[in-house]
J.: 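Before I ask anything, let me first share the structure, which is written out below as structure tokens.
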There are 4 protein chains.
Amino acid sequence: MTGPQTTRRKRANGVESRQRILDATVEIAGERGYDGTSIAAVSAKCGLPASSIYWHFKDKDDLIAAVIERSFETWLRAVELPGEDAGTPLERVTMMAANVARSLVAAPDFLRLGLMLALERRPTEPRGRTVFLQVRETAHQRIAEIVATLFPSLAEDVVDTLTTYAVAGADGLFVHREVTGDSVDLVALFELHARLIHDAAARMAAPAER
Amino acid sequence: MTGPQTTRRKRANGVESRQRILDATVEIAGERGYDGTSIAAVSAKCGLPASSIYWHFKDKDDLIAAVIERSFETWLRAVELPGEDAGTPLERVTMMAANVARSLVAAPDFLRLGLMLALERRPTEPRGRTVFLQVRETAHQRIAEIVATLFPSLAEDVVDTLTTYAVAGADGLFVHREVTGDSVDLVALFELHARLIHDAAARMAAPAER
Amino acid sequence: MTGPQTTRRKRANGVESRQRILDATVEIAGERGYDGTSIAAVSAKCGLPASSIYWHFKDKDDLIAAVIERSFETWLRAVELPGEDAGTPLERVTMMAANVARSLVAAPDFLRLGLMLALERRPTEPRGRTVFLQVRETAHQRIAEIVATLFPSLAEDVVDTLTTYAVAGADGLFVHREVTGDSVDLVALFELHARLIHDAAARMAAPAER
Amino acid sequence: MTGPQTTRRKRANGVESRQRILDATVEIAGERGYDGTSIAAVSAKCGLPASSIYWHFKDKDDLIAAVIERSFETWLRAVELPGEDAGTPLERVTMMAANVARSLVAAPDFLRLGLMLALERRPTEPRGRTVFLQVRETAHQRIAEIVATLFPSLAEDVVDTLTTYAVAGADGLFVHREVTGDSVDLVALFELHARLIHDAAARMAAPAER
DNA sequence: TATGAATGAGACTTCATTCAT
DNA sequence: AATGAATGAAGTCTCATTCAT
């Protein structure tokens with residue numbers, strides 16, 4: 001497919017080549033998923049021959065996993081850590097949600113590809129899927145801690161349920177935006193999401209008020 | 001065992017063959033997505049040769065679209081329509097949510113495959129994706145009508161936002177269950193989801209109470 | 001490919017069905033040759049299912065042969081037999097050539113498909129090819145007789161060479177028109193062809209004139 | 001026999017592989033035409049797996065086009081350019097015709113395959129067909145120039161008609177030989193062809209002589 | 001007189017991967 | 001650090017043909 005007619009040259013530069021391959025892969029895999037991502041397509045997009053991809057990555061699975069890892073790091077950098085204690089719980093929760101929403105708009109690859117991998121069930125689970133699920137489990141715990149801090153009187157299983165609900169809602173809203181298009185105001189939806197959860201938590205934390 | 005009338009026909013039963021093909025496809029496509037579904041795998045699972053599949057369906061795209069359509073109908077039948085006016089808005093909303101949750105547990109193929117298709121972006125959009133998005137748009141409007149009926153004082157755009165939020169949350173919770181496993185109590189999560197939305201709607205509908 | 005969705009009915013009418021199949025086949029085979037003519041394509045063009053084609057014709061080979069035979073008869077009818085003794089040899093020869101040219105423009109299928117078959121060399125020779133070559137051999141002899149009649153003093157092998165030359169030239173000019181398009185004036189070219197042959201024959205018949 | 005240096009390499013010799021593929025293809029396509037040429041057959045004949053063929057050629061169309069191009073070059077080399085000014089126009093024309101005839105006997109692939117492609121009309125025109133027709137158009141103009149040089153008083157459209165007639169006659173005679181077999185003396189027929197055209201041109205060039 | 005359904009073989013093409021250089 | 005060339009397996013789809021009805 002690449003054929004013998006291609007005659008590109010480049011100074012050997014391992015790091016840059018690796019980046020180019022990952023850039024190409026994230027774009028394709030984010031649109032087509034695991035099976036839809038062919039080495040030939042990556043090769044065509046990054047300009048390096050397929051055999052060079054195998055010099056940098058053991059196999060396709062390794063490549064996809066590397067993409068997941070790198071796009072996670074990219075996304076992490078896009079999440080600005082909020083000022084530690086900025087006012088009321090509602091304000092803090094809303095700000096965090098807006099933060100996450102903005103980061104997902106800026107760096108959607110991680111979640112996009114991750115969700116595609118997560119939904120698939122193949123005989124031998126891709127390493128990228130495992131990585132994604134682990135990262136997301138870590139995130140779950142981090143969020144649960146924050147919730148527990150903000151609402152100390154909540155029982156552990158309630159915190160867990162609310163956290164699950166928070167993450168699932170974020171996923172759903174993200175998918176909605178991916179499917180519907182850029183016109184969706186993800187920040188506003190995430191703020192609404194945060195407010196609803198906050199109110200529920202507040203009510204659950206202080207049942208006496210009723 | 002099946003008796004002597006089973007005369008090894010093997011010949012000519014179009015309707016049954018079509019069903020067998022669709023059964024096999026829904027199982028594979030629901031796990032592996034569009035690209036991961038190979039005609040050979042479908043053939044192996046349903047027992048008919050690949051060429052017979054092409055007698056019943058124009059091409060792979062047509063097959064996947066047919067699967068989406070049939071699994072949607074299956075799912076629709078699984079959603080029991082609730083008693084028309086059963087008590088308070090909260091009760092009605094909660095019951096509906098539980099209903100949908102139960103239907104998704106019983107017939108998850110439609111949403112599962114649909115979401116996989118929805119997340120993919122391929123050069124030529126599969127017809128199944130289009131069908132899924134259309135069906136879901138219809139559902140969105142149906143839900144919006146219900147919300148508007150239950151909370152007549154809500155502005156139209158608020159109803160729309162809440163509906164979007166409701167659907168997205170449902171998607172996210174469904175994905176959570178698909179990824180995490182059968183141990184997730186989808187009905188409980190959907191009831192929580194319904195309650196949060198209801199409370200938000202109630203508050204927005206009567207801002208004076210503040 | 002035709003699929004179960006096709007629901008056409010027709011009063012059973014063997015003769016008409018046969019004609020429709022042949023009509024469709026001549027069109028496709030005349031454009032695509034033996035290998036390029038698929039039963040499915042014929043079926044699509046004539047509206048009858050593939051299995052019906054096999055009711056009328058033993059196999060593909062039989063179908064193509066039937067097409068050759070029928071298109072030959074059609075062509076024969078298109079060649080108006082010229083008035084027996086119309087003037088000088090040049091006039092007669094020119095008129096005959098113009099006749100043939102006109103018939104080839106009106107009914108090109110026979111020669112078109114025939115030449116395609118003739119050029120191909122397949123392990124088991126199609127019956128249609130054999131038929132074509134036989135018909136053309138007969139034509140060769142008929143023409144040779146005419147030449148011998150018009151120029152009685154020519155040696156037999158000279159007559160044969162001239163006849164070969166006449167037929168080959170006709171083939172070449174026909175191909176030229178098929179390739180170049182309808183703008184080519186085949187009649188004029190055939191008349192030129194006839195004149196050149198006539199002059200050559202006349203000179204050979206009377207070498208004394210030199 | 002070939003000596004011990006033949007170390008069963010089997011590895012990496014792009015140029016030679018390409019030649020082997022083209023050799024195999026020209027043989028098959030020259031006998032069976034476009035549709036009759038299967039990649040599997042080429043693979044079997046050249047010893048390389050089908051996938052290797054696709055490394056050297058984008059697709060079947062590309063392969064056939066390459067065959068046309070190469071066989072044209074081969075044929076061009078087989079046409080010995082005649083001594084510039086060898087005697088009378090008749091002698092020169094006859095010599096050129098004999099030359100071409102000999103080249104067509106020695107390297108018939110170009111015209112053989114080209115004519116097969118030219119006669120076919122498929123929805124998407126093969127590139128090889130385009131190439132063939134272009135080459136042949138160039139040849140037409142080259143021949144027209146020669147005719148115009150030899151008979152300067154001929155009108156341009158007459159030169160064009162005679163050239164068309166010359167080429168078409170050559171095609172027809174070539175086809176005759178291909179169909180009839182090696183016993184046909186193509187050189188003699190081409191010389192006859194040349195003489196007839198020469199005489200016609202001479203007469204047209206000097207109408208006063210009449 | 002037809003045809004719906006089926007089928008094994010084979011079409012073109014792409015796949016992930018390897019390996020000598 | 002890279003790549004040209006190769007390859008077996010698998011991909012989607014079409015082929016000519018059959019057969020029970």
Side-chain angles (χ1 to χ4, degrees), chain A residues 1-4 6-18 35 37-41 43 48-56 58-61 63, chain B residues 9-18 35 37-41 43 48-61 63, chain C residues 1-4 6-15 17-18 35 37-43 48-56 58-61 63, chain D residues 9-18 35 37-41 43 48-61 63:
Chain A
M1 164 115 311
T2 349
T6 347
T7 331
R8 250 175 274 89
R9 274 297 131 161
K10 263 274 172 182
R11 283 290 116 234
N13 184 338
V15 179
E16 198 218 307
S17 290
R18 200 171 199 275
D35 284 297
T37 302
S38 78
I39 301 294
S43 161
L48 295 167
S51 48
S52 293
I53 297 175
Y54 278 86
W55 193 88
H56 289 278
K58 188 178 148 298
D59 55 17
K60 181 172 163 177
D61 207 54
L63 172 60
Chain B
R9 39 185 159 82
K10 197 74 187 166
R11 283 285 151 202
N13 190 339
V15 179
E16 197 216 307
S17 291
R18 200 172 198 274
D35 285 298
T37 302
S38 81
I39 300 294
S43 161
L48 293 166
S51 48
S52 292
I53 297 176
Y54 281 90
W55 196 87
H56 290 277
F57 301 94
K58 191 178 143 300
D59 54 19
K60 183 172 163 177
D61 205 56
L63 172 59
Chain C
M1 163 112 314
T2 350
T6 345
T7 331
R8 252 175 272 91
R9 273 299 129 159
K10 264 273 170 180
R11 282 292 116 231
N13 184 339
V15 179
S17 290
R18 200 171 198 275
D35 284 299
T37 301
S38 78
I39 301 293
V42 172
S43 160
L48 296 166
S51 48
S52 293
I53 296 175
Y54 279 86
W55 194 89
H56 290 278
K58 187 179 149 297
D59 55 18
K60 181 172 161 176
D61 208 53
L63 172 60
Chain D
R9 42 189 156 79
K10 197 75 188 164
R11 284 284 151 201
N13 190 339
V15 178
E16 197 216 306
S17 292
R18 200 170 198 274
D35 285 297
T37 301
S38 82
I39 300 294
S43 161
L48 294 166
S51 48
S52 293
I53 297 176
Y54 280 88
W55 197 87
H56 290 277
F57 302 94
K58 192 178 144 298
D59 52 21
K60 183 173 162 176
D61 205 56
L63 172 59

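Proteins come first, then strands; the chains are lettered A, B, ... in the order of their sequence lines, and each starts at number 1. What you see is a predicted model, and the numbers here were worked out from it, not measured in a lab.
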J.: Any side-chain N or O of C/Ser17 below 4.0 angstrom from OP1/OP2 of E/dT1?
T.: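 For C/Ser17, the contact criterion (side-chain N or O under 4.0 Å from OP1 or OP2 of E/dT1) is not met.
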
J.: If you assign each of A/Val15 and B/Asp61 to its closest nucleotide in DNA chain F, which residue comes earlier from the 5' end?
T.: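 Looking at the nearest nucleotide for each, A/Val15 comes out on the 5' side.
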
J.: To check you understand the geometry: which heavy-atom pair defines the closest contact between B/Phe57 and B/Arg18, and what is its length?
T.: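 That closest heavy-atom pairing would be CE2-NH2, 3.3 Å.
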
J.: Whole-Å distance between E/dC12 P and C/Asp35 CG?
T.: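 Going from CG in C/Asp35 over to P in E/dC12 covers 10 Å.
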
J.: Which atoms form the tightest heavy-atom contact between D/Ser17 and D/His56, and what is the distance?
T.: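 Reported closest heavy-atom pair: CB-NE2, 3.7 Å.
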
J.: Is the phosphate of F/dT18 approached by C/Ser51 (side-chain N or O, under 4.0 Å from OP1 or OP2)?
T.: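 No.
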
J.: Could you check how far CD1 of D/Ile39 sits from C1' of F/dA9, rounded to whole Å?
T.: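 Computing the D/Ile39:CD1 to F/dA9:C1' distance gives 18 Å.
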
J.: For the NZ atom of B/Lys60 and the OH atom of B/Tyr54, what is their distance to the nearest 0.5 Å?
T.: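 If I round to the nearest 0.5 Å, the distance is 8.0 Å.
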
J.: Classify B/Ser52 by what it touches in the nucleic acid, base, sugar-phosphate, or nothing, heavy-atom distance under 4.0 Å.
T.: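 If one applies the 4.0 Å heavy-atom cut-off, B/Ser52 turns out to touch a base.
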
J.: With heavy atoms under 4.0 Å as the rule, sort B/Thr37 into base, sugar-phosphate or nothing.
T.: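 Contact class for B/Thr37: sugar-phosphate only.
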
J.: Expressed in angstrom and rounded to an integer, what is the separation of C/Trp55 atom CH2 from F/dT17 atom P?
T.: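 Those two atoms, CH2 and P, are 18 Å apart.
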
J.: What closest approach, in Å, do D/Ala50 and D/Ser43 show between heavy atoms, and which atom pair accounts for it?
T.: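 Where D/Ala50 meets D/Ser43 most closely, the heavy atoms are N-OG, 3.6 Å.
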
J.: Separation of A/Lys60 atom NZ from E/dC15 atom C1', in whole Å?
T.: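 Taking NZ of A/Lys60 and C1' of E/dC15, I get 8 Å after rounding.
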
J.: Whole angstrom is fine here: how far is it from CG in B/Asp59 over to C1' in E/dC12?
T.: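 From B/Asp59 CG to E/dC12 C1': 16 Å.
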
J.: Take atom CG of B/Leu63 and atom C1' of F/dC13, then tell me their distance rounded to the nearest Å.
T.: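 The answer, rounded to whole Å, is 13 Å.
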
J.: Hey, is the side chain of A/Ser38 poking within less than 4.0 Å of OP1 or OP2 on E/dT14, counting only N and O atoms?
T.: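 Answer no for this pair, as no side-chain N or O of A/Ser38 is under 4.0 Å from OP1 or OP2.
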
J.: Find the distance A/Tyr54:OH to E/dT17:C1' and express it as a whole number of Å.
T.: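 So the two atoms are 5 Å apart, to the nearest Å.
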
J.: Sequence neighbours excluded, which residues qualify as side chain to side chain contact (heavy atoms under 4.5 Å, CB included) partners of A/Ser51?
T.: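 With sequence neighbours excluded, A/Ser51 shows a side chain to side chain contact (heavy atoms under 4.5 Å, CB included) to A/Pro49, given in chain and number order.
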
J.: Heavy atoms, side chains only, cut-off 4.5 Å: are C/Ile39 and C/Leu63 in contact?
T.: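 Yes - at least one pair of side-chain heavy atoms lies under 4.5 Å apart.
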
J.: Of C/Ala41 and D/Gly14, whose closest DNA chain F nucleotide lies nearer the 5' terminus?
T.: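 Residue closer to the 5' terminus by nearest nucleotide: D/Gly14.
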
J.: Tell me the interatomic distance from B/Leu48, atom CG, to E/dA6, atom C1', rounded to whole angstroms.
T.: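 Rounded to whole Å, this separation is 8 Å.
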
J.: Which range-with-range stems can be found for DNA chain E when each stem has 3 or more Watson-Crick or G-U pairs in a row and both distances sit under 3.5 Å?
T.: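 Stem list for DNA chain E: E:2-21 with F:2-21.
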
J.: Side-chain N or O of A/His56 less than 4.0 angstrom from OP1 or OP2 on F/dA2?
T.: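 Answer is yes, contact under 4.0 Å.
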
